[in-house]
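Both backbone and side-chain heavy atoms feed into the values below; hydrogens, waters and symmetry mates do not. All ligand and atom numbering here is 1-based and tracks the order in the structure.
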Amino acid sequence: IYVPFSVDFLRSLFSRTLGLSPGEKVLDELTLDGVARYILSGKCKNIICMVGAGISTSAGIPDFRSPGTGLYANLQKYNLPYPEAIFQIDYFKKHPEPFFALARELYPGQFKPTVCHYFMRMLKDKGLLTRCYSQNIDTLERVAGLEGEDLIEAHGTFHTSHCVSFLCRKEYSMDWMKSTVLNAEISLLNYSHFVLLWMYFFLDIVFFGENLPARFFTTMKMDFPRCDLLIIMGTSLQVQPFASLVNRVSNSCPRLLINMEKTGQSEFGMGLFGFGGGMDFDSDKAYRDVAYLSTCDDGCMALAELLGWKAELEEMVKREHALIDSKDAKTKDKEANQSSRSTGAEAGKSDKTE
Ligand code: OAD
């Protein structure tokens, strides 16, 4: 009989799943201080950040599942059969309007990155960030300076769009999509539904029921085995396959969760189905997982302070926000000039016709 798994592989799978053989205890204390001392020891050089909607709430973008304030609790006006339907590919193909109405409300360009986004940028600048795996489509990681190789946008992004034709694959910019879809008076078009569906074929956003980008899977295999600190922020870890990434680091790799609530703890059956055992913050076997319950911004600032980076982080946030404000002011001036010129031209035209 051909057995496709080696005995070692099965042993390690079972012991990992059943929590029989914990890895080495790397942190001297399961606290934020312990994590900071580990970073400062110089033994930690490959940090991966896994993030979700909770890192952008302080920028003004709601998360999905927080009771009361989360997006899924506030979609009544779209008359959905259930809240997640708005991101469900089969529902979207029949009813694309709710998604686009929401996209118009949440479209990037109106929000600034948070302290937490800039903390990740500092990890990058200090040569400590292997990569940031994000579930967010708001592009704020990019605005904060994480780009290209720094970032995996696991659920896609508003940043780019592509033609789906294999022969074409032409890339379209965010501005193109914004002016074509979001500013269009779609409701006035007779064939609005078809227009919206057509636009979907361009968006680089992953809906429920669709595959994650191929890059997610290739980099994941490379990054997680050599990760020596996993920082998880602002996510309920409820959506697979993203959530199970926490189990892809080695048994000895410390995992720090900065979130308003504890997430990612093992659920009955998860391990048996191959998703691993989840996080363990509190049991008497806990040896590597730290939960710091606070906002992501406060947690990142507290960690920065312990690392001696607080002033630098504050300065970065101030400088980058001022830069964004000044760019916004220039764009607004330009738009105001253009609209006053076109109003002038219109007035001129009507003068001549009178
Ligand atoms: P969720 O809304 O499921 O979880 C956000 C988490 O962040 C919750 O645990 C909150 O308690 C926490 N949180 C909120 N604000 C916070 C703050 N300021 N500081 C710290 N924690 C905060 O969002 P995600 O986990 O990102 O998928 O959701 C995952 C996926 O589900 C999304 O990418 C989206 C959604 O359906 C698709 O659209 C495919």
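Distances between N or O atoms of T295 and those of ligand 1 include no value under 3.5 Å. Ligand 1 has no N or O atom lying under 3.5 Å from any N or O atom of G52, backbone or side chain. Between T263 and ligand 1, not a single N/O pair is under 3.5 Å apart. Ligand 1 has no N or O atom lying under 3.5 Å from any N or O atom of V206, backbone or side chain.
Among all protein heavy atoms, the one lying closest to atom 35 (C) of ligand 1 is Y72 OH, 3.4 Å. The nearest protein atom to atom 30 (C) of ligand 1, hydrogens excluded, is given as V239 CG2, 3.6 Å; this is a heavy-atom distance.
A salt bridge is defined here as a Lys NZ or Arg NE, NH1 or NH2 lying under 4.0 Å from an Asp or Glu carboxylate O, and D90 with K94 fails to meet this definition. The pair K112-E320 fails the salt-bridge criterion, with no side-chain N (NZ, NE, NH1 or NH2) lying under 4.0 Å from an Asp/Glu carboxylate O.
The option with the heavy atom closest to atom 28 (O) of ligand 1, from among Q88, H155, K262, R65, is R65. Scanning G156, G209, S134, C296 for the heavy atom closest to atom 20 (C) of ligand 1 points to C296.
Heavy atoms of F99 found under 4.0 angstrom from ligand 1: none, in either backbone or side chain. With a heavy-atom cut-off of 4.0 Å, T57 touches ligand 1 through its side chain alone.
Other residues, nucleotides and ligands place more than 12 heavy atoms under 6.0 Å from the NZ atom of K126.
A donor-acceptor pair is defined here as one N or O able to donate and one able to accept, closer than 3.5 Å; such a pair exists between the side chain of D138 and the backbone of L140.
Using modelled atom types, one finds a donor on one side chain and an acceptor on the other under 3.5 Å when comparing S58 with D297.
Note: F99 and F87 have perpendicular aromatic rings, judged against thresholds of 30 and 60 degrees for the angle between ring planes.
Residue contacts with ligand 1 include G234, since one or more of its heavy atoms lies under 4.0 Å from the ligand.
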